[in-house]
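Both backbone and side-chain heavy atoms feed into the values below; hydrogens, waters and symmetry mates do not. Within every chain, numbering begins at 1; the chains are lettered A, B, ... in the order of the sequence lines, protein sequences first and strands thereafter.
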Number of protein chains: 2
Amino acid sequence: MDSKAAKTGMKVERPAKTLRELALGNLREAILEGVFKPGDRLVERDLCEQLGVSRTIVREVLRHLESEGLVSTQIGKGPIVAPLDADIAQQIYEVRGALEAMAARLCAESDDPTIAPALDAALAGIRKGYATGDMGHVLTSTSEFYRVLFSKVNRHVAWDIVNMLTVRINHLRSMTIKTDKRDVEGPAQMAAIVDAIRDRDGARAYRVATEHVASAADIAMQIFADREQT
Amino acid sequence: MDSKAAKTGMKVERPAKTLRELALGNLREAILEGVFKPGDRLVERDLCEQLGVSRTIVREVLRHLESEGLVSTQIGKGPIVAPLDADIAQQIYEVRGALEAMAARLCAESDDPTIAPALDAALAGIRKGYATGDMGHVLTSTSEFYRVLFSKVNRHVAWDIVNMLTVRINHLRSMTIKTDKRDVEGPAQMAAIVDAIRDRDGARAYRVATEHVASAADIAMQIFADREQT
DNA sequence: CCGCTGTACTCGGTATCCCATATTATGCCT
DNA sequence: AGGCATAATATGGGATACCGAGTACAGCGG
């Protein structure tokens with residue numbers, strides 16, 4: 001796995017050694033898991049206890065998450081979990097779409113025969129997750145699918161951006177994949193991307209990738225609409 | 001200005017109040033200005049003196065710049081100014097191209113008649129900068145051009161990303177705009193973008209915007225090639 | 001000439017302190 | 001009783017001082 005990552009030029013994250021990286025991961029996870037909900041205040045001194053680290057670390061971590069967009073700091077108050085509105089979510093999906101479509105096209109236009117099989121493997125993981133009802137597995141396999149898409153053509157800058165954006169819409173992703181018929185539609189759309197890549201059809205790969213993200217965005221917007229009606 | 005910014009949803013940066021924001025701006029500026037060159041170590045305690053702030057601040061700032069990609073921290077050592085290689089630069093130009101082309105298309109497809117004049121104004125600024133030899137003015141006007149492109153269609157997420165990427169290739173930008181004939185080619189390409197927008201031709205706007213970034217990237221790659229020959 | 005050792009440097013991390021502000025609780029006066 | 005002024009609390013912004021560990025380099029000895 002490591003050698004493979006090195007071969008693709010993709011930065012392999014070595015076992016996070018510094019406390020700060022650990023704390024960063026933990027807090028990010030906690031926010032993603034919903035332990036802290038959007039709008040909740042993130043009190044530095046409380047986090048020190050909960051994370052078991054000093055305020056220095058907590059502050060560095062908060063700053064980092066702030067630049068990731070997961071945390072926002074209001075002037076007179078302090079850091080809170082950044083709320084996500086429909087407009088921002090829409091924009092995030094849009095950028096993701098642009099970048100993932102770009103990557104899909106590049107994959108199609110490269111002549112690396114290992115791409116399609118690797119994507120198929122990830123796709124199989126997604127289908128298996130749906131079949132077994134393991135939604136966590138669906139999410140990680142989906143990430144793997146896109147990771148392959150970017151790393152096979154050595155686009156780690158774009159991949160980093162997509163990753164940054166993805167964490168912000170994490171809970172939306174969890175909901176979109178549970179939507180009615182998404183268990184067949186989603187994989188089908190992704191299979192269409194793989195097909196286009198296999199056919200070396202860059203334009204089609206670009207188009208179907210764009211459509212896939214757009215349909216996920218549509219579902220997300222529907223979720224916002226439903227929520228508002230409450 | 002504030003009301004306009006609010007209307008466009010574009011984040012207006014209020015006069016940085018916290019010491020941290022000041023220090024962040026100063027250090028970023030220093031790196032961009034070349035006070036610290038790629039590979040230079042950024043010794044925390046030295047920066048404390050030079051910036052006149054405590055280590056707390058310096059560390060938060062370094063963390064922030066790290067997540068911006070301007071600074072990289074090597075495990076056993078410490079923070080250094082992130083070196084920029086041709087591969088990364090290429091990828092940054094590529095992502096910028098994808099996003100700017102997207103914004104150009106959106107501008108063309110919107111029916112906001114204020115877009116083209118605003119872009120023309122920025123373009124005039126660029127031409128004036130070239131005419132007077134004020135390259136700093138060329139750069140800020142170019143940024144203004146793209147800021148308008150994104151803000152007129154309310155894409156501040158994408159704009160933030162483009163901005164983040166742009167600082168990393170700042171010195172390349174300074175060099176590309178000084179390239180032979182870039183003083184006529186560059187503005188001509190940007191005028192083509194405005195023309196396409198005025199004609200409501202989304203596909204053409206997308207294409208010419210892509211081409212403009214690609215030509216800038218080509219020049220940047222040439223700079224890397226020349227540098228290597230030394 | 002090469003290898004070892006010790007010292008200086010610096011980072012990651014911690015523990016306190018101080019100050020300003022914002023919120024909340026208290027209490028007094030009308 | 002109600003409203004306003006005030007005090008107490010909570011918290012963020014910032015500064016210091018300190019410690020342990022790893023790196024780098026200089027000098028010493030073989």
Range on DNA chain D touched by chain B, heavy atoms, distance below 4.0 Å
D:dG14 to D:dA24
dist B:D226:CG -> B:M175:CE (nearest 0.5 Å) comes out at 8.5 Å
Compute whether any side-chain donor of one residue and acceptor of the other, for A:D112 and A:T114, lie under 3.5 angstrom apart.
yes
For each nucleotide in nucleotides 7-13 of chain C, reading 5' to 3', give B when a protein heavy atom comes within less than 4.0 Å of its base, S when such contact involves only the sugar-phosphate, and - otherwise.
---SBBB
Looking at B:M135, I'd like to know if its CE atom is crowded, meaning that more than 12 non-hydrogen atoms belonging to other residues, nucleotides or ligands lie closer than 6.0 Å.
yes
To the nearest 0.5 Å, atom CG of A:N170 lies from atom CG of A:L70 at 8.5 Å
Under 30°, 30 to 60°, or over 60°: which ring-plane class applies to A:F150 and A:W159, parallel, tilted or perpendicular?
tilted
Only one of B:I223, B:L84, B:T176 passes side chain to side chain contact (heavy atoms under 4.5 Å, CB included) with B:H171, and that residue is B:L84
Less than 6.0 angstrom from the centroid, inside 45 degrees of the normal: does A:R127 satisfy that with respect to the ring of A:Y130?
no
Just by distance, no angles: are the side chains of A:R182 and A:S215 close enough, under 3.5 Å, to form a donor-acceptor pair?
yes
The helix from C:dC1-D:dG30 to C:dT30-D:dA1: angle between its terminal axes, five pairs each, to 10°?
10°
So which atom in B:S141 and which in B:G125 form the shortest heavy-atom distance, rounded to 0.1 Å?
OG-C, 3.5 Å
How long is the gap from CG on B:L99 to CZ on B:R155, to the nearest 0.5 Å?
11.5 Å
